[in-house]
> 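One structure, pasted below without further comment.
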Amino acid sequence: MRVTVRLFARLRDLAGSGELVRELEEPATVASAWRSLVDEYPQVAEYERIMSVAVNADYSRMSAAVRDGDEIAFLPPVSGG
Amino acid sequence: MRVTVRLFARLRDLAGSGELVRELEEPATVASAWRSLVDEYPQVAEYERIMSVAVNADYSRMSAAVRDGDEIAFLPPVSGG
Amino acid sequence: MTAPLPGRRYTEHMAVPAVAVTTAPLSLEAVIDVVSAGGSASGAVASFSGLVRDHNQGRTVTFLEYEAYVPLAVKGMERIVSEAGETWPGVRLALHHRIGRLDPGEASIVIAAAGAHRADTFSACRYAIERVKQIVPIWKREHFEGGDVWLEGATADPEDEAARAQALRVSCA
Amino acid sequence: MTAPLPGRRYTEHMAVPAVAVTTAPLSLEAVIDVVSAGGSASGAVASFSGLVRDHNQGRTVTFLEYEAYVPLAVKGMERIVSEAGETWPGVRLALHHRIGRLDPGEASIVIAAAGAHRADTFSACRYAIERVKQIVPIWKREHFEGGDVWLEGATADPEDEAARAQALRVSCA
């Protein structure tokens with residue numbers, strides 16, 4: 001299955017891209033996508049404990065199942081306003 | 001001595017005028033002007049305990065001395081904003 | 001305070017003052033401009049407009065009539081600016097009060113507070129409207145369907161520390 | 001959200017929405033108009049502008065760069081409007097956040113809250129800015145003399161009741 005991974009702010013800078021496509025083995029979770037990301041970009045690992053995650057533009061959890069075509073977003077601590 | 005008395009809002013309506021000239025015997029206080037007013041317009045007496053007073057556009061007290069030419073204002077409870 | 005020219009907004013013909021009592025329509029933008037002048041050190045501007053409601057206490061309001069003892073009202077508003085400056089150093093405050101006849105929906109007061117941080121600007125803005133209702137000699141007569149009545153709130157006493165403490169409390173200070 | 005046309009304010013070509021994330025310059029008047037629509041039942045409008053400061057933590061700021069996960073940011077702002085409506089029934093709230101490059105002095109966010117009574121409007125307006133900083137996926141990169149840095153604040157979690165309680169507390173609710 002194939003998912004789109006969206007990265008923002010410093011997390012995007014660390015990975016060098018704001019949008020990546022990942023191939024994941026089924027069944028997959030948000031955590032599967034994250035592990036795949038950390039394998040390729042170890043420097044993003046520091047965000048694991050402080051980031052939020054979203055699936056298809058809704059807040060979600062690392063344990064949530066993902067399906068083919070889903071958009072998974074990893075979000076650093078926010079600083080809007 | 002002669003002072004100008006300014007009245008506002010309902011106090012003005014009760015006296016029928018927003019600006020009166022009163023002749024007071026020396027030495028006079030704000031209270032002297034007020035008593036002179038109550039003598040002529042007894043219906044204003046209800047404001048004695050709830051009004052504020054000013055002399056020459058500064059907050060003052062009933063016991064404050066007034067001089068010839070002063071402007072004395074009697075102010076109902078305020079309702080601005 | 002200079003009286004506005006008839007038919008023109010007061011902002012068209014004078015430098016906008018930090019405090020004003022005027023018969024002209026108010027502009028929230030004008031007080032925001034006053035507190036924003038002088039650069040980009042401010043990160044926050046809190047602002048407030050008080051509007052004439054079309055209903056009050058079950059009555060249908062047709063219009064309000066505001067009256068002021070203008071020289072003392074201006075002094076009272078200047079005092080509020082000064083109190084806010086002492087309480088929240090670095091916060092700039094401006095407030096304009098309208099008098100005369102106001103229809104429902106029109107602004108009777110506009111207030112703006114600018115500063116480095118939002119907490120102080122919210123507090124100063126809220127403090128200003130509370131203090132106006134406590135110490136500024138302005139009165140409103142409500143005209144409603146079937147009559148009219150002078151509204152009366154607080155006995156004005158700028159030295160009443162209990163009233164000031166109450167204004168600080170509701171300002172989340 | 002419809003993308004604004006280049007070179008035009010978003011208010012010129014669309015009905016103004018209660019929430020928006022846009023690259024166009026913000027208008028406080030626009031959000032005030034949104035919450036004021038629908039008559040003269042409101043007696044109070046509290047409003048807030050967040051501005052880019054020219055200094056932060058001792059650094060001279062040259063500009064800020066805001067980035068958003070737009071669809072989730074809009075949902076987060078809609079959630080804030082909904083939370084405010086539940087907390088302060090009858091209060092109407094609107095907020096617009098700008099993204100892209102912002103120079104010192106420019107507004108990054110504008111918020112307005114209208115209602116019958118001032119206390120609720122101040123609280124709702126303050127609550128909105130606190131919640132934006134907690135749950136809306138927007139980030140700013142500060143460009144200063146000598147470098148740049150992504151600023152990071154709260155871990156966004158709309159279900160975090162402790163964060164919501166904190167926002168209510170500072171809102172004087």
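From a predicted model like this one, the values you see are computed outputs, not experimental measurements. Numbered from 1 within each chain, the chains take letters A, B, ... in sequence-line order.
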> Tell me, which pairs form a ring pair (Phe, Tyr, Trp, His ring centres under 6.0 Å) where one or both residues lie in residues 15-35 of chain C, sequence neighbours left out?
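The answer is none; no pair qualifies.
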
> Which heavy atom of Cys172(C) sits nearest to which heavy atom of Ser171(D), and what is that distance?
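Scanning both residues completely, I find the closest heavy atoms to be SG-C, 4.4 Å.
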
> What residues of residues 121-160 of chain D make heavy-atom contacts with chain C at a cutoff under 4.5 angstrom?
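Residues Thr121(D), Phe122(D), Cys125(D), Arg126(D), Ile129(D), Glu130(D), Lys133(D) are the ones that qualify, each having a heavy atom under 4.5 Å from chain C.
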
> Would the number of heavy atoms belonging to other residues, nucleotides or ligands and lying under 6.0 Å from CD of Glu106(D) be above 12?
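Yes.
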
> Restricting to pairs with a member in residues 17-44 of chain C, which pass ring pair (Phe, Tyr, Trp, His ring centres under 6.0 Å), not counting sequence neighbours?
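For residues 17-44 of chain C: none.
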
> Side chain, backbone, both or neither: which part of Ile32(D) has a non-hydrogen atom closer than 4.5 Å to chain C?
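Only the side chain of Ile32(D) comes within 4.5 Å of chain C.
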
> Check whether Ala114(D) gets within reach of chain C through its side chain, its backbone, both or neither, counting any heavy atom under 4.5 Å.
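For Ala114(D), there is no contact with chain C at all, as no heavy atom is under 4.5 Å.
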
> Could you tell me which residues in residues 41-63 of chain D have at least one non-hydrogen atom under 4.5 Å from a non-hydrogen atom of chain C, sorted by residue number?
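Residues in range: Ala41(D), Ser42(D), Gly43(D), Ala44(D), Val45(D), Ala46(D), Ser47(D), Phe48(D), Ser49(D), Gly50(D), Leu51(D), Val52(D), Arg53(D), Asp54(D).
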
> Please rank Ser36(D), Ala107(D), Ala116(D) by heavy-atom pairs under 4.5 Å with chain C and give me the top one.
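Answer, by heavy-atom pair count under 4.5 Å with chain C: Ala116(D).
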
> Could you look at Ala113(D) and say if it's the side chain, the backbone, both or neither that has a heavy atom under 4.5 Å from chain C?
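Neither the backbone nor the side chain of Ala113(D) comes within 4.5 Å of chain C.
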
